Number of protein chains: 2
Amino acid sequence: MEKRRADQIAEQLEERIFNGTYADGDRLDEVRLAEQFGVSRTPLREAFQRLALSGLLELIPRRGAFVRQPGPVELIEMFEVMAELEAVCGRLAALRISDLALTELREANESCQRAVEARDADAYYFENERFHRIIYQQSGNSFLAQEAAKLHKRLQPFRRQQLRFRGRMGQSMAEHEEIVRALETGQAEAAAKALRGHVAVQGEKFHQLMATLKSAAE
Amino acid sequence: MEKRRADQIAEQLEERIFNGTYADGDRLDEVRLAEQFGVSRTPLREAFQRLALSGLLELIPRRGAFVRQPGPVELIEMFEVMAELEAVCGRLAALRISDLALTELREANESCQRAVEARDADAYYFENERFHRIIYQQSGNSFLAQEAAKLHKRLQPFRRQQLRFRGRMGQSMAEHEEIVRALETGQAEAAAKALRGHVAVQGEKFHQLMATLKSAAE
DNA sequence: GTCAAGGTTTTTGTATACAAGAATGATGCG
DNA sequence: CGCATCATTCTTGTATACAAAAACCTTGAC
């Protein structure tokens, strides 16, 4: 399926919003972006529509498109939902996961471990996503898996910041181990609880998240 | 905030997809719809973008926009996710709900009861939505509330069909009572369980849902 | 009669043109 | 000197025009 120009633009704009090129409240100028991308305003506006639906832009009629970065409160809320979605995926996956997927899960986890030892944040980030994505899919509910993956992607830039904090990677690995054990033995509630705790933002992590926000706002 | 033409069109198309005017796989003709709505293709295409993002349309490049009604499997999956979202809302709301909201909840429930007695399906449908929406909001997590409301809306036409079945309204009312009791007494897990059960599709209800799908396909 | 190849016709995707509303700045009045 | 009002300019929203790709139809060969 070949892509439209508008799709590519949407992806690039999304990337810029995620990586902080645009700050919260920035107005995106149609004509300036259009000539920057070398297209007319039409495909650009289509891209705007998309990003607005994903919550990345706010389209105010007759005013323009404004970047909408989640604030502290919304971010906490999103992490809370993510924790619950992961918990549900885990609970279902504990009953439904295949042996093949379990093998892949352990493999992804080992890759994570190697990334931690090599202090390779990018590799950890990548393998961690694989780890979680397997659990989403093994929930046996592809709609759930899709929704979980969507939110995961949106929270990724913030998660990434969190991993910089000392000791977080190691702790995260221990949690992964616990999750794998619960899934291996089919303990649904244990898997749910482990995943919820793994993702949830609380206590010390909350302060880390606040720090993340400050650095992202600069 | 006044609306754009494109917004109104998106709403109307959404309505048509929900109420079954368009069947799964139907291709929406841009020019025909444009003259039908009395607009050009531009706002229509913007509306398409939206509906595609909500999963109601599939936009195949260079081919067109195709209506995408959820099939049996996807529908079951969506109900499963809805049940879990409601459960989470209930669990959080049990701890966070305000007295005012509890009063409103009881009020909505009484209106439901009256609708059942009057055999007024439309009224029941409306008050039931109010009942659930209060719980979403009282989760204290507006992101969660928003997501729950979004999915609720998407599933509404199917839920509506289900209520036609004999005895379902009465059973649903009993479940509402149980939910209210759990929320009143702050029993988080009980509220979660009651709401999950209330929404989940299982056993007999599954067959009803299948019947719904058949009638919707006609 | 069937199938394939090429051309014709639709239909989508993008660019441009135009219209209407919002922002901005200048000017006049208090 | 400050503020309000009006005109100008800019920006968005929509319509139209054009280009490219897909669907189709016809025609010809086997």
Side-chain angles (χ1 to χ4, degrees), chain A residues 1-18 20-70 150, chain B residues 1-18 20-70 150:
Chain A
M1 154 163 165
E2 75 189 84
K3 285 178 187 173
R4 295 192 267 280
R5 202 75 188 79
D7 287 331
Q8 299 174 25
I9 292 168
E11 277 177 32
Q12 290 193 44
L13 286 178
E14 185 179 279
E15 175 60 24
R16 290 189 193 180
I17 293 172
F18 279 166
T21 303
Y22 300 127
D24 184 61
D26 281 4
R27 178 175 145 278
L28 299 186
D29 191 299
E30 289 184 2
V31 292
R32 221 157 56 90
L33 282 172
E35 67 184 37
Q36 193 175 327
F37 281 112
V39 297
S40 79
R41 284 171 50 220
T42 313
L44 210 97
R45 286 175 57 87
E46 290 200 359
F48 279 4
Q49 293 286 337
R50 294 235 193 148
L51 300 178
L53 260 288
S54 319
L56 276 58
L57 287 184
E58 186 172 6
L59 253 47
I60 302 178
R62 297 264 168 215
R63 301 289 298 275
F66 297 84
V67 175
R68 187 153 152 40
Q69 298 279 13
K150 206 196 297 182
Chain B
M1 154 165 165
E2 75 189 83
K3 285 179 184 173
R4 291 182 269 251
R5 204 74 188 81
D7 286 329
Q8 299 174 23
I9 291 168
E11 277 177 31
Q12 290 193 44
L13 285 178
E14 184 180 278
E15 175 60 24
R16 290 190 191 178
I17 293 172
F18 278 167
T21 304
Y22 301 126
D24 184 62
D26 280 5
R27 178 177 144 279
L28 299 187
D29 191 298
E30 289 183 3
V31 293
R32 220 156 55 90
L33 281 173
E35 65 184 38
Q36 194 175 325
F37 282 111
V39 297
S40 79
R41 284 172 51 221
T42 312
L44 211 97
R45 284 175 61 87
E46 290 200 359
F48 280 4
Q49 293 285 339
R50 293 232 195 153
L51 299 177
L53 259 288
S54 319
L56 276 58
L57 287 183
E58 185 171 8
L59 251 47
I60 303 178
R62 297 262 167 216
R63 301 290 297 276
F66 296 84
V67 175
R68 186 153 153 39
Q69 298 280 12
K150 205 196 299 182

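Remember, it's a predicted structure, so these values are computed and weren't measured experimentally. What's counted below: heavy atoms across the whole structure, side chains too, no hydrogens, waters or symmetry copies. The chains referred to below are lettered A, B, ... by the order of the sequence lines, with proteins before strands, and numbering in each begins at 1.
- Within 4.0 Å (heavy atoms only), A/E30 reaches sugar-phosphate atoms of the nucleic acid but no base atom.
- For B/T42 and B/D29, each mapped to the nucleotide of DNA chain C holding its nearest heavy atom, the one lying further toward the 5' end belongs to B/D29.
- We find that CD1 of B/I60 is positioned 13 Å from C1' of C/dT12, with the value rounded to whole Å.
- A/Q49 has its CD atom 13 Å from the P atom of D/dT12, to the nearest Å.
- Atom CG of A/L28 and atom C1' of D/dT11 are 14 Å apart (whole Å).
- Residue A/R5 has no polar side-chain atom (N or O) positioned under 4.0 Å from OP1 or OP2 of C/dG13.
- The CZ atom of A/R45 sits 14 Å away from the P atom of C/dA15 (whole-angstrom rounding).
- Applying the 3.5 Å distance criterion, the base of C/dG13 shares a donor-acceptor pair with the side chain of B/R41.
- Counting to the nearest Å, the P atom of D/dT12 and the CG atom of B/D7 are 16 Å from each other.
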- [ ] Begin with the C-alpha distance, continue with both residues' side-chain angles, and end with the deciding distance and a verdict on side-chain contact (heavy atoms from CB on, under 4.5 Å) for B/L57 and B/I17.
- [x] CA-CA 9 Å; B/L57 287 183; B/I17 293 172; 4.0 Å; yes

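- Regarding B/E46, its CD atom lies at a distance of 16 Å from the C1' atom of C/dT12, rounded to whole Å.
- Atoms CG (B/L33) and C1' (C/dT12) sit 14 Å apart, rounded to a whole Å.
- A/L44 and A/E30 get closest at one heavy-atom pair: CD2-O, 3.5 Å.
- A/S54 places no side-chain N or O within donor-acceptor distance of the main-chain N or O of A/L56, the cut-off being under 3.5 Å.
- The heavy-atom pair separating A/I9 from A/P43 by the smallest distance is CD1-CB, 4.5 Å.
- OP1 or OP2 of C/dA23 has at least one side-chain nitrogen or oxygen of A/R63 nearer than 4.0 Å.
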TODO: Go through A/R50 and A/D7 one step at a time and tell me if the side-chain contact (heavy atoms from CB on, under 4.5 Å) criterion holds.
DONE: CA-CA 9 Å; A/R50 294 235 193 148; A/D7 287 331; 2.6 Å; yes

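- Checking the phosphate oxygens (OP1, OP2) of C/dT12, a side-chain nitrogen or oxygen of B/R27 falls inside 4.0 Å.
- Across all strands shown, A/V39 has heavy atoms under 4.0 Å from sugar-phosphate atoms exclusively, and none from any base.
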